[in-house]
Amino acid sequence: MAGGHYPVGVTIRLYDTSARQIRDFTPLKPGCVSIYLCGATVQAAPHIGHIRSGLNFDIMRRWFEYRGYDVTFIRNVTDIDDKIIAKAVDQGRPWWSIGYENERAFNDGYQSLGCLPPTYEPRATGHVTEMIEMMRGLIERGHAYEADGSVYFDVRSFPGYLTLSNQDIDDLRQPAEEGITGKRDPRDFAMWKATKPGEPDWETPWGRGRPGWHLECSAMAHKYLGSAFDIHGGGLDLIFPHHENEIAQAKAYGDDFAAYWVHNAWVTMSGEKMSKSLGNSVLVSEMVKTWRPIVLRYYLGTPHYRSMIEYSEEALREAESAFARIEGFVQRVVEKAGGAVEPAAEVPPAFAEAMDDDLGVPQALAVVHTTVRQGNSALAADDKEAAVARLAEVRAMLGVLGLDPFDPHWAGETDRGEDLHGVVDSLVRLVLDQRESARARKDWGTADAIRDQLNQSGLVIEDSPQGPRWTLGPR
């Protein structure tokens, strides 16, 4: 992927949840971008709704890098949590065994859909020392207190509380926390939970216990990005209580924390957020057995990150067909050119303008498809030079979106089926030879019947100057 393309006067704009509007992005450090993304809570394997967040922020990261920024991208792992502990009890397994198994499943999911690895991927359990340090500072500053071995944040001690979610503290209802005792105010939240029999615990100045969810991210963001960083991201469902409580802890501790808050929308089924509790999840590990991973990336990554995606097989088939049109163009130009075509040094201006405007991927994708149509017209006119130029632009744009078919990451997609492809190719060639013989003797009925039969089998036959060739059609 190209980099260093930051024209004078161009500004990237992002929707900032805290400001409730699109803002010009101004980095804290010129030429650098620091991003903290709330990653997986690893109580179960990921569904496509989980992976969407990682994919959306992967596209953001790629665009910043294309624009010439040096990006530090942190995506944490919450590997200790009430749900993980409950799963361990239900399954009679160690809590860390469940966490590690699902952490690997998440990483497999991110990797299969072409997400670049984060700069650092810290685990919550590896940062208890930093959490203790933050709690100690908050207690000293009068923002937190110990009760019955737990440590709570005093929400009324922090005047800026609830500005992100725009709520009134008098109307606030914190999510219930089972077994919590000693709160001064029911709205206060637990930063540290006193130990219970059979649960994992760590030693602290206030007794043994385990972290609260919100404290983990405040401490890890501080460790890896410092007291101030550019962008904090996550799903819409994290705005309250998680991100609101992160802000309270970090700012009361003395950090400036995040300058911009960016939230992605959900993948829904029947209008409801995809979640395991609803029993409507679609596991990534299962989806990739049915759909090509690059098609799944196209499906999840091409809607605007702030738009809900209503999951359906029909929508996936549409994504598959749309990407097949792009791939078909790429293949035809490569054949025409007699070899690989390198990506252009710059993406088209209209594509860049769309991406600069709050990562407008749908508008950027429209530029891709327009360029493909122009390239196909050039092929039809036998204008090799124009067709190659359009392919170079298409490759540059697809590279930014993580969808370039020639990227080494996607090479494995064809490698896995290479042996089978060879067998199918030999069989199809026999049938195509029969069709060519029928065409040679002007037996158009037989030739058309053979082509129709192949189409019904899911193969698309195209007659090119080099002879007929086949591709897999959409489902």
R297 and D58 ion-paired at < 4.0 Å: yes
Close side-chain approach of Q111 and C115, heavy atoms under 4.5 Å: no
Beyond-backbone contact of C217 with C38, side-chain heavy atoms, under 4.5 angstrom: yes
Greater than 12 external heavy atoms within 6.0 Å of E385's CD: no
Y305 versus D358, side-chain donor and acceptor atoms under 3.5 Å: yes
Heavy-atom pair with the smallest gap, counting every atom of V288 and P293: CG1-CG, 4.1 Å
Point-to-point distance, once rounded to the nearest 0.5 Å, from CG of L300 to OG of S53: 11.5 Å
Steps toward side chain to side chain contact (heavy atoms under 4.5 Å, CB included) verdict (I35, M60): CA-CA 10 Å; I35 303 171; M60 173 192 280; 3.9 Å; yes
Any side-chain heavy-atom pair of V284 and S112 under 4.5 Å: yes
E353 CD: over 12 foreign heavy atoms closer than 6.0 Å: no
V333 backbone acceptor or donor facing R390 side chain under 3.5 Å: no
Any donor-acceptor N/O pair, R439 side chain to D448 backbone, under 3.5 Å: no
Test item: W95 side-chain N/O and A86 main-chain N/O as donor-acceptor pair under 3.5 Å: no
Criterion salt bridge (Lys or Arg N to Asp or Glu O under 4.0 Å) on K289 and E286, from CA distance to verdict: CA-CA 5 Å; K289 295 175 184 176; E286 294 302 312; 3.1 Å; yes
Any donor-acceptor pair under 3.5 Å from R332 side chain to N376 backbone: no
Short side-chain donor-acceptor distance under 3.5 Å, S165 and Q167: yes
Short side-chain to backbone donor-acceptor contact, E244 and L162, under 3.5 Å: yes
Plane angle bin for W261 and F257 - parallel if under 30°, tilted between 30 and 60°, otherwise perpendicular: tilted
Shortest non-hydrogen contact between L113 and H409, atoms and distance: C-NE2, 4.4 Å
Exam field: side chain E121 to backbone I74, donor-acceptor pair closer than 3.5 Å: no
Distance (rounded to the nearest 0.5 Å) between N76 CG and Y224 OH: 10.5 Å
Flag, side chain of K83 to backbone of Q43, donor-acceptor distance under 3.5 Å: no
Under 3.5 Å: donor-acceptor pair, side chain of H232, backbone of E246: no
Check: I98 main-chain N/O paired with N102 side-chain donor or acceptor under 3.5 Å: yes
Contact summary for G402 and W410, nearest pair of heavy atoms: O-NE1, 3.2 Å
Near-ring test H222/Y36, centroid separation under 6.0 angstrom: no
Side chain to side chain, V33 and D70, heavy atoms closer than 4.5 Å: no
Donor on one side chain, acceptor on other, H243 and H214, under 3.5 Å: no
Within 45° cone of Y15 ring axis and under 6.0 Å: R306 NZ or CZ: yes
L365/L401 under side chain to side chain contact (heavy atoms under 4.5 Å, CB included): CA gap, chis, key distance, verdict: CA-CA 9 Å; L365 194 65; L401 300 176; 4.2 Å; yes
Pairwise side-chain contact, P405 with F323, heavy-atom cut-off 4.5 Å (strictly under): yes
Residues, nucleotides or ligands: over 12 heavy atoms within 6.0 Å of R93 CZ: yes
Closest non-hydrogen atom pair between S312 and Y299, with its separation: N-OH, 3.7 Å
Contact summary for S34 and F229, nearest pair of heavy atoms: OG-CB, 3.2 Å
Heavy atoms of other groups near Q91 CD, more than 12 under 6.0 Å: yes
CD on E327 to CG on L398, rounded to 0.5 Å: 9.5 Å
Spacing of CH2 belonging to W266 relative to CD belonging to E272, to within rounding of 0.5 Å: 10.0 Å
D82 vs W213 side-chain heavy atoms within contact, under 4.5 Å: no
Close aromatic pair by centroid cut-off 6.0 Å: F25 and F64: yes
Side-chain donor-acceptor pair present, T41, D81, cut-off under 3.5 Å: no
is_close_aromatic(H50, F106), centroid dist under 6.0 Å: yes
E310 and T268: side chain donor to acceptor below 3.5 Å: yes
E320 and R292, any side-chain heavy atoms less than 4.5 Å apart: no
Full working for side chain to side chain contact (heavy atoms under 4.5 Å, CB included) between M287 and I48: CA-CA 8 Å; M287 294 287 286; I48 57 174; 3.9 Å; yes
Distance, nearest 0.5 Å, that separates OG1 of T371 from CE of M397: 3.5 Å
Derivation of the side chain to side chain contact (heavy atoms under 4.5 Å, CB included) call for T290 and L316: CA-CA 11 Å; T290 308; L316 261 166; over 6 Å; no
Nearest heavy-atom neighbours spanning Q363 and A354: CB-CB, 3.7 Å
Y100 atom OH, neighbour heavy-atom count above 12 within 6.0 Å: no
Heavy-atom side-chain proximity of I80 to P211 below 4.5 angstrom: yes
Row check, F57 ring normal vs R75 NZ/CZ: under 6.0 Å, within 45°: no
Under 3.5 Å: donor-acceptor pair, side chain of R13, backbone of D24: no
Plane angle bin for Y66 and W63 - parallel if under 30°, tilted between 30 and 60°, otherwise perpendicular: parallel
SB check R67 D356 (cutoff 4.0 Å): yes
Separation of L359 CG from R62 CZ (nearest 0.5 Å): 13.0 Å
